Amino acid sequence: MTRIDDTFARLRAEGKKAFVSYIMAGDPDEATSLALLRGLPGAGVDIIELGMPFTDPMADGPTIQAAGQRALEAGMTLTKVLEMVRAFREGDQTTPVVMMGYYNPIYSHGVDRFVAEAKAAGIDGLIVVDLPPEEDEELCLPAQAAGINFIRLATPTTDAKRLPKVLQNTSGFVYYVSITGITGSAVPQASDIAPDIARIKASTDLPVVVGFGINTPEMAKSMAAIADGSVVGSAIVKSVGEKRPVAEVLAQVAALAAGAHSA
C-alpha cells in the first residue's frame with residue numbers, strides 16, 4: 001500500500017472524491033513554489049502532482065509551457081525538484097506527491113539513481129507522458145519495484161484493443177485525459193466522457209481521475225461525479241504566472257477542491 005492507495009481508501013470510506021492539483025516545481029521561483037507546495041494539503045488537495053520542468057513539453061499547452069520556462073530560467077533542476085519534495089516531507093508525511101513530466105531529464109539523471117533518490121525524497125508516483133507501455137522496462141518496472149506507483153494516461157483515443165496494454169503495469173490510479181489535445185486547450189463535458197470512464201472502470205479496479213481543461217469548482221465537481229476524482233493544473237498555474245500572492249492561489253485551490261469534494 002502506497003500513500004496513493006491509502007488516500008483513495010480513506011476517501012472511499014468518507015464517501016468523497018479526490019481532488020488532485022498540479023503545480024510546476026520552481027515556478028516562478030524555488031521559494032514561492034515550495035510555499036505553494038506546503039500550502040496545498042491545507043487547501044484541500046488530496047494528491048499533489050509536481051511538474052518537472054523540461055525544455056520540450058510536447059503534451060502541455062502554453063500556460064504550463066510558460067511555467068516550465070520560468071522554472072528553468074529560475075534555476076530549477078531535477079535534483080532541486082527532489083530537494084523540494086524532501087523539504088515538503090519535513091512537515092507532511094501523508095499527502096501523496098506524484099512527479100509529472102518527461103523521460104529525458106530522468107534518463108539524463110540516470111534511472112537507477114533517480115528511482116533511489118525519488119523514493120528517499122518521498123515521491124509516491126510518476127507520470128511520464130512520453131513513455132508508452134512498450135517501454136515499461138525503461139522506468140515503469142524499476143519504479144514499481146522500488147514501491148513507486150507508475151500512473152498511466154488513458155485518452156479519448158485509447159480504444160478497447162489498446163486499453164489492456166495501457167493498464168498492464170499501471171498502479172496508483174489511471175489519469176483520464178478528457179480532451180484530444182494539449183493541456184488547457186479545450187473545455188470537456190462530463191456527459192461526453194462518462195461512457196469512456198465507465199469503460200475504463202469496467203476494466204480495472206484502480207481509481208480513475210479526470211484531468212485537462214478543468215478550471216472551475218463546478219467543472220471539478222461534474223468531472224469528479226463521473227469518476228473517482230478530478231485534476232486541475234493549468235488554471236492554478238495561470239494564477240501563479242499572473243504573480244498572484246500565494247494565499248490567493250491557495251484560496252483558488254480551496255474552492256476547486258471544495259467543488260470536487262462535493263461531487
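Just so you know, residue 1 is the first one in the sequence shown, and it goes up from there. Just so it is clear, the structure is predicted and the values come from calculations on it, not from any experiment.
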Could you tell me if the side chain of [Y] sits less than 4.5 Å from the side chain of [X], heavy atoms only?
{"X": "Glu83", "Y": "Phe88", "value": "no"}
{"X": "Leu37", "Y": "Met84", "value": "yes"}
{"X": "Leu139", "Y": "Leu126", "value": "yes"}
{"X": "Leu78", "Y": "Met52", "value": "yes"}
{"X": "Val81", "Y": "Pro53", "value": "yes"}
{"X": "Pro133", "Y": "Asn169", "value": "no"}
{"X": "Cys140", "Y": "Arg152", "value": "yes"}

Check your understanding: More than 12 foreign heavy atoms under 6.0 Å from CG of Asp112: is that the case here?
Key -> no
Check your understanding: How far apart are the C-alpha atoms of Ile64 and Tyr22, what are their side-chain angles, what is the distance that settles it, and do they pass the side chain to side chain contact (heavy atoms under 4.5 Å, CB included) test?
Key -> CA-CA 10 Å; Ile64 292 180; Tyr22 171 99; 3.6 Å; yes
Say whether [X] and [Y] are linked into one hydrophobic cluster, either directly or through other cluster members, by side-chain heavy-atom distances under 4.5 angstrom.
{"X": "Leu131", "Y": "Ile106", "result": "yes"}
{"X": "Leu72", "Y": "Tyr103", "result": "no"}
{"X": "Val98", "Y": "Val166", "result": "no"}

Review point. Do the charged groups of Arg70 and Asp29 touch, with an N to O distance under 4.0 Å?
Key: no
Check your understanding: Between Glu14 and Arg10, is the closest basic N to carboxylate O distance under 4.0 Å?
Key -> yes
**Study point:** Qualifying residue, where the test is side chain to side chain contact (heavy atoms under 4.5 Å, CB included) with Phe150 and the options are Ile127, Thr170, Val128
**Key:** Val128
Verify whether one side chain among [X] and [Y] offers a donor that lies under 3.5 Å from an acceptor in the other.
{"X": "Thr157", "Y": "Thr155", "answer": "yes"}
{"X": "Asp124", "Y": "Thr2", "answer": "no"}
{"X": "Gln144", "Y": "Ser171", "answer": "yes"}
{"X": "Tyr176", "Y": "Asp196", "answer": "yes"}

Study note, to complete from the structure: So CE of Met58 and OH of Tyr102: to nearest 0.5 Å the spacing works out to 6.5 Å
Exercise for review: Apply the test salt bridge (Lys or Arg N to Asp or Glu O under 4.0 Å) to residues Lys238 and Glu242: give CA-CA distance (whole Å), side-chain angles for both, the deciding distance (0.1 Å), then the verdict.
Suggested key: CA-CA 6 Å; Lys238 181 174 181 287; Glu242 293 169 350; 2.7 Å; yes
Check your understanding: Does the pair Lys17 and His261 meet the rule for a side chain to side chain contact (heavy atoms under 4.5 Å, CB included), with working shown?
Key -> CA-CA 5 Å; Lys17 301 299 181 73; His261 290 152; 5.8 Å; no
